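What follows is a set of notes on a single structure, which appears directly below.
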Amino acid sequence: MASDLFIRTEDIRQEEVLSYLVETRTDRELINSLKGRSPIILKGSRGVGKSFLMRAAEAELQKSFHAERVLPVYVTFAKAGLIRANTPDKFMLWMMSKICNATVRAASTYGLALPEGSAIAAIQGGGAIGGISQMERVEQALEDSWRTATGSEAQGDAIVPESDTLRDAVEDLCRHANLKRICLFVDEAAHVFIPGQQRQFFTLMRDLRSPFLSVKAAVYPGATSYGESFQPLHDATALSVDRVITESDYASNMRLVVFKQDPSLREAIEQNGEVFDSLAYAATGNPRTLLQTMRRVTKFNRRNVQDVIREYYREEIWSEHSSLTERYPGHQELIDWGRNFIENNVLSTLYSRNRRDKGEKTSFLWVHRDAPHAVREALRLLSYSGILQEGVSGVKGTRSQIGTRYMVNLGCLCSLDSEPVSFGKEVRAALSVKRFAEYGPNHPAFQPLDDFALPGSESEGNQALDAQLQRSIGKLDLTEFQLKSLSGLGFKTIGEVLSADEKDFMQAHYVGPIRSRKMRNSAMAAVFEYLSG
């Protein structure tokens, strides 16, 4: 298989984004909503395409800007894991400075003249020194706060505007430049296990809402804390990116995703359609998972695909979930219990039912709404890892009791069989949402979590960051050449790579200015992806 099959959104130039778009009905509806007036919460597990959809919506707004007069502003919060907030307001200052700087840059890109003597001046942060504005210096200083033991000493509090000032500035800009509104796309809005930051963001999202500014935020289904002041159902429209595997065009759409990434695979896939469909359904709607498993198939045939399904869904996907305990030891009991619950209880139950029953098949479980809170938290983490697909609440179970229905990853279920391709075809042909394994409020499997109390995570942010910076560079998703080059230069930890300059990379053999830039960019992307979860 092609070694470069798995192309990440950040590796695609913005002007090329639309060429990778697979035009499905669901994706079109999501993109249109992202371009609309309403604030949006875009929910989906890792790899389902949240960032890509936001980039596609941004690209379409850019293309139609002169006709529609809607200004797209894209902000990524991938570096949030580096903010060492020694006071509670530092993270808010960082978010505001990033939004202000991104807004000014977007306006400048389209040649929009900023009105003088209005609220817009507040988001510019005064005059530039050496080509860098005060607001940009605040942003940079806060992002460099991880380098010190006490946090950032940036003196930018006075120039960072309040949310109402930013709202007024956006209105001034829209009126002055004849804009209908600004669409603010915020990627990486949910940062795993840092609930204080999440609550601050969603409070800001609510406060920024106006006819001239609509915020669109991408979040993970299993790792988002909205806080008390933000109500997802009232303060925004929540949309799911999860692809529904029961739709008739699911398999054909997943084929198009692969063809867009590597057209040379078309012949092999069309010759082995049933085998490819098994991989596609095993991914349970996650394009990144599909592409990762496709990349592991050395030769596309039934035997190799079955080996990959067993290897990936029995081992690797669980290893990725369990690795969360290394980064967030305070959640180890929840993570370990969730794995044991699904592997040893749920999957065996579902597999036995599907083998025994000749009619409708199932890959669903139902959990009573009064189940322990720790159980629901553990299931949320499994949704984040892609092992579960976040369920539908308010579903009736036995005796009309109310609970939440989750879908178990089909790959995990099919990997239990000696013939995953045949078994998967049998299950998906008769899959029914009406059938599920039920777990009441006091199910015996919940007992290990009876006395569990989630440790406070507000005071753990610095410790978690310190732990990540000290981890080996081997944890980064880099090529073998890049890892060997970094190791040869003496880099051992993620923190050391993060502190390096391009000239440091150029000391390696066969590494000049161009390769050094690429190596640093690749290393930085891997670091930020690792830190942000």
Side-chain angles (χ1 to χ4, degrees), residues 1-7 22 24 47-48 243-321 342-343 346-348 350-364 385-387 389 407-432:
M1 300 298 291
S3 60
D4 61 345
L5 172 63
F6 184 24
I7 302 175
V22 176
T24 67
V48 297
R243 288 160 174 78
V244 182
I245 65 171
T246 55
E247 292 184 350
S248 59
D249 58 352
Y250 171 78
S252 60
N253 288 336
M254 295 300 271
R255 290 190 186 197
L256 290 176
V257 169
V258 176
F259 295 160
K260 287 282 187 177
Q261 296 275 322
D262 190 345
S264 67
L265 296 174
R266 180 182 293 272
E267 182 177 355
I269 289 175
E270 290 180 346
Q271 290 176 353
N272 299 272
E274 181 180 316
V275 175
F276 173 81
D277 288 349
S278 298
L279 269 184
Y281 280 95
T284 318
N286 192 312
R288 182 181 295 179
T289 300
L290 172 60
L291 296 172
Q292 286 178 332
T293 50
M294 285 284 294
R295 187 171 57 177
R296 287 165 169 77
V297 180
T298 54
K299 184 178 180 181
F300 203 78
N301 57 42
R302 188 186 190 94
R303 179 179 177 179
N304 288 338
V305 166
Q306 294 198 138
D307 288 342
V308 167
I309 290 176
R310 283 191 288 266
E311 178 183 350
Y312 184 81
Y313 292 101
R314 285 184 186 177
E315 301 175 8
E316 292 188 39
I317 194 171
W318 291 109
S319 177
E320 291 177 8
H321 180 71
I342 298 298
E343 275 194 309
V346 175
L347 283 175
S348 59
L350 296 177
Y351 181 73
S352 297
R353 289 189 181 184
N354 288 325
R355 271 299 180 205
R356 181 184 67 244
D357 299 342
K358 300 302 181 181
E360 294 178 328
K361 307 297 182 180
T362 179
S363 189
F364 301 92
S385 297
I387 293 167
Q389 198 170 85
M407 181 174 185
V408 181
N409 184 289
L410 273 180
C412 295
L413 179 62
C414 295
S415 68
L416 300 180
D417 199 85
S418 59
E419 291 288 333
V421 171
S422 298
F423 180 69
K425 182 180 180 181
E426 181 182 334
V427 170
R428 66 178 184 263
L431 190 64
S432 172

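The structure displayed is predicted, hence computed values, not measured ones.
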Any donor-acceptor pair under 3.5 Å linking the side chain of [X] with the backbone of [Y]?
X	Y	result
Tyr250	Val244	no
Asp262	Ser264	yes
Ser363	Met407	no
Asn304	Lys299	yes
Thr289	Pro287	no
Ser385	Ile387	no

**Report entry** Heavy atoms from other residues, nucleotides or ligands near CZ of Arg303 exceed 12 (cutoff 6.0 Å)
**Finding:**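 Result for CZ/Arg303: open.
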Could you check whether any side-chain heavy atom of [X] comes within less than 4.5 Å of a side-chain heavy atom of [Y], counting everything from C-beta outward?
X	Y	answer
Val305	Ile309	yes
Phe300	Leu279	yes
Arg255	Asp277	yes
Tyr313	Leu416	no
Asn253	Glu247	no
Gln389	Asn286	no
Glu270	Phe276	no

Would you name the heavy atoms of [X] and [Y] that are closest together and state the gap between them?
X	Y	result
Ile317	Cys412	CG2-SG, 4.0 Å
Gly424	Cys414	CA-SG, 3.4 Å
Met254	Leu290	CE-CD2, 3.7 Å

Supply the atom-to-atom distance [X] [atom1] to [Y] [atom2], rounded to the nearest 0.5 angstrom.
X	Y	atom1	atom2	result
Ile342	Trp318	CD1	CH2	6.0 Å
Gln292	Glu320	CD	CD	6.0 Å
Tyr351	Arg356	OH	CZ	13.0 Å
Glu316	Arg314	CD	CZ	13.5 Å
Asp357	Thr362	CG	OG1	9.5 Å
Ser252	Phe259	OG	CZ	10.0 Å

Query - For Asn272, side-chain hydrogen bond (donor to acceptor under 3.5 Å, both in side chains) partners two or more places apart - result: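 Asn272: no side-chain hydrogen bond (donor to acceptor under 3.5 Å, both in side chains) contacts found.
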Query raised in the report: Hey, mind stepping through Asn354 and Leu413 against side chain to side chain contact (heavy atoms under 4.5 Å, CB included) and telling me if it holds?
Result: CA-CA 10 Å; Asn354 288 325; Leu413 179 62; 3.6 Å; yes
Requested in this report: Mind running side chain to side chain contact (heavy atoms under 4.5 Å, CB included) on Val427 and Tyr281 for me, showing each step along the way?
Outcome: CA-CA 10 Å; Val427 170; Tyr281 280 95; over 6 Å; no
Query raised in the report: What pairs with Gln306 under side chain to side chain contact (heavy atoms under 4.5 Å, CB included), at least two apart in sequence or on another chain?
Result: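 If we apply the side chain to side chain contact (heavy atoms under 4.5 Å, CB included) test to Gln306, skipping adjacent residues, the hits are Arg302, Arg310, Glu419, Pro420, Val421.
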Query raised in the report: Listed by chain and number, what are the side chain to side chain contact (heavy atoms under 4.5 Å, CB included) partners of Val308, not counting sequence neighbours?
Result: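 If we apply the side chain to side chain contact (heavy atoms under 4.5 Å, CB included) test to Val308, skipping adjacent residues, the hits are Thr293, Arg296, Val297.
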Query raised in the report: Is it true that Arg353 and Glu360 make a salt bridge, defined as a side-chain N closer than 4.0 Å to a carboxylate O?
Result: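 Between Glu360 and Arg353 there is no salt bridge, as every charged N stays at least 4.0 Å from the carboxylate O atoms.
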Report task. I would like to know whether Met294 and Leu265 meet side chain to side chain contact (heavy atoms under 4.5 Å, CB included); could you show each step before the answer? Result -> CA-CA 10 Å; Met294 285 284 294; Leu265 296 174; 4.1 Å; yes
